[in-house]
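Remarks on the structure that follows.
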Amino acid sequence: TNMEAVMEEKKCDRKFLPSMMTNEVSKLFRDIINREVEKLGVQNGYRQLLFHLSRMDGVSQLELARATHLKAPTVSVTLKGMEADGLVVRRGDENDARVIHVYLTEKGRKTDDKIREIHHMLDSRMTEGIPQSDLDALVATLTKLRDNMLRITEEAKSE
């Protein structure tokens, strides 16, 4: 198969390639976070937008789509639900009617705070026993992996 050829080419005798391990850890993390966030009565699709809005309140919907790497229609539909749930408000730009800015409500901020607590708890538990220097190296490596993946995504868009 193609995967076997890649592993042979790289002379890879490991059980998992970095992409496979990253995917597995990501799925396990996402499953646990989803379960915990559902206990709050919050839709899991809201998490990423809450995260970015808590750091970029008042951002336009288009900027939010870019920051989250989500498609604009996905962001729009998700924000509609978040608005109905009282987590955000959307307001038109005073100078450009085509631009809509998104703001967290007090309920949205409190919800983000609760989700952030869950993230910190899980982060703490999943990194137990790992030296800080290893964690720093891991974050640096994952940042490089992410940047490479973003570059690949951009290259695919230009094809």
Is there side-chain contact between [X] and [Y], with at least one heavy-atom pair below 4.5 Å?
X      : Y      : result
Met82  : Leu50  : yes
Asp93  : Ile100 : no
Leu142 : Val139 : no
Arg35  : Ile32  : yes
Val75  : Thr78  : no
Arg90  : His101 : no

Can you check whether [Y]'s main-chain N or O pairs, donor with acceptor, with [X]'s side chain at less than 3.5 Å?
X      : Y     : result
Ser76  : Ala72 : no
Thr68  : Leu64 : yes
Lys107 : Asp85 : yes
Thr22  : Pro18 : yes

With a 4.5 Å cut-off on side-chain heavy-atom distances among I, L, V, M, F, W and Y, is there a chain of contacts connecting [X] to [Y]?
X      : Y     : answer
Leu104 : Val99 : no
Leu17  : Val25 : yes
Val89  : Val42 : no
Met126 : Ile33 : yes

Presence of salt bridge, [Y] and [X], under 4.0 angstrom:
X     : Y     : answer
Arg66 : Glu63 : no
Glu83 : Lys80 : no
Asp31 : Lys27 : yes

Which distance, rounded to the nearest 0.5 Å, do you find between the [atom1] of [X] and the [atom2] of [Y]?
X      : Y      : atom1 : atom2 : answer
Leu122 : His120 : CG    : NE2   : 11.5 Å
Glu117 : Leu40  : CD    : CG    : 9.5 Å
Leu49  : Ser54  : CG    : OG    : 11.0 Å
His52  : Leu70  : NE2   : CG    : 8.0 Å
Leu87  : Lys110 : CG    : NZ    : 12.5 Å
Phe51  : Asp112 : CZ    : CG    : 8.5 Å

Surrounding [atom1] of [X] (heavy atoms of other residues, nucleotides or ligands, distance under 6.0 Å), is the total greater than 12?
X      : atom1 : answer
Arg151 : CZ    : yes
Arg98  : CZ    : no
Met149 : CE    : no

Is it the case that [X] and [Y] place a side-chain donor and acceptor less than 3.5 Å from each other?
X      : Y      : value
Asp136 : Gln132 : yes
Glu155 : Ser158 : no
Thr105 : Arg109 : no
Arg30  : Asn44  : no

Q: Apply side-chain contact (heavy atoms from CB on, under 4.5 Å) to the pair Glu24 and Phe29, showing each step before the final yes or no.
A: CA-CA 9 Å; Glu24 184 175 3; Phe29 183 87; over 6 Å; no
Q.
Could you walk me through whether Gln43 and Val37 satisfy the side-chain contact (heavy atoms from CB on, under 4.5 Å) test, starting with their C-alpha distance in whole Å, then the side-chain angles of each, then the deciding distance to 0.1 Å, before giving a yes or no?
A. CA-CA 7 Å; Gln43 289 189 33; Val37 169; over 6 Å; no
**Q.** Within 45° cone of Tyr103 ring axis and under 6.0 Å: Arg91 NZ or CZ
**A.** yes
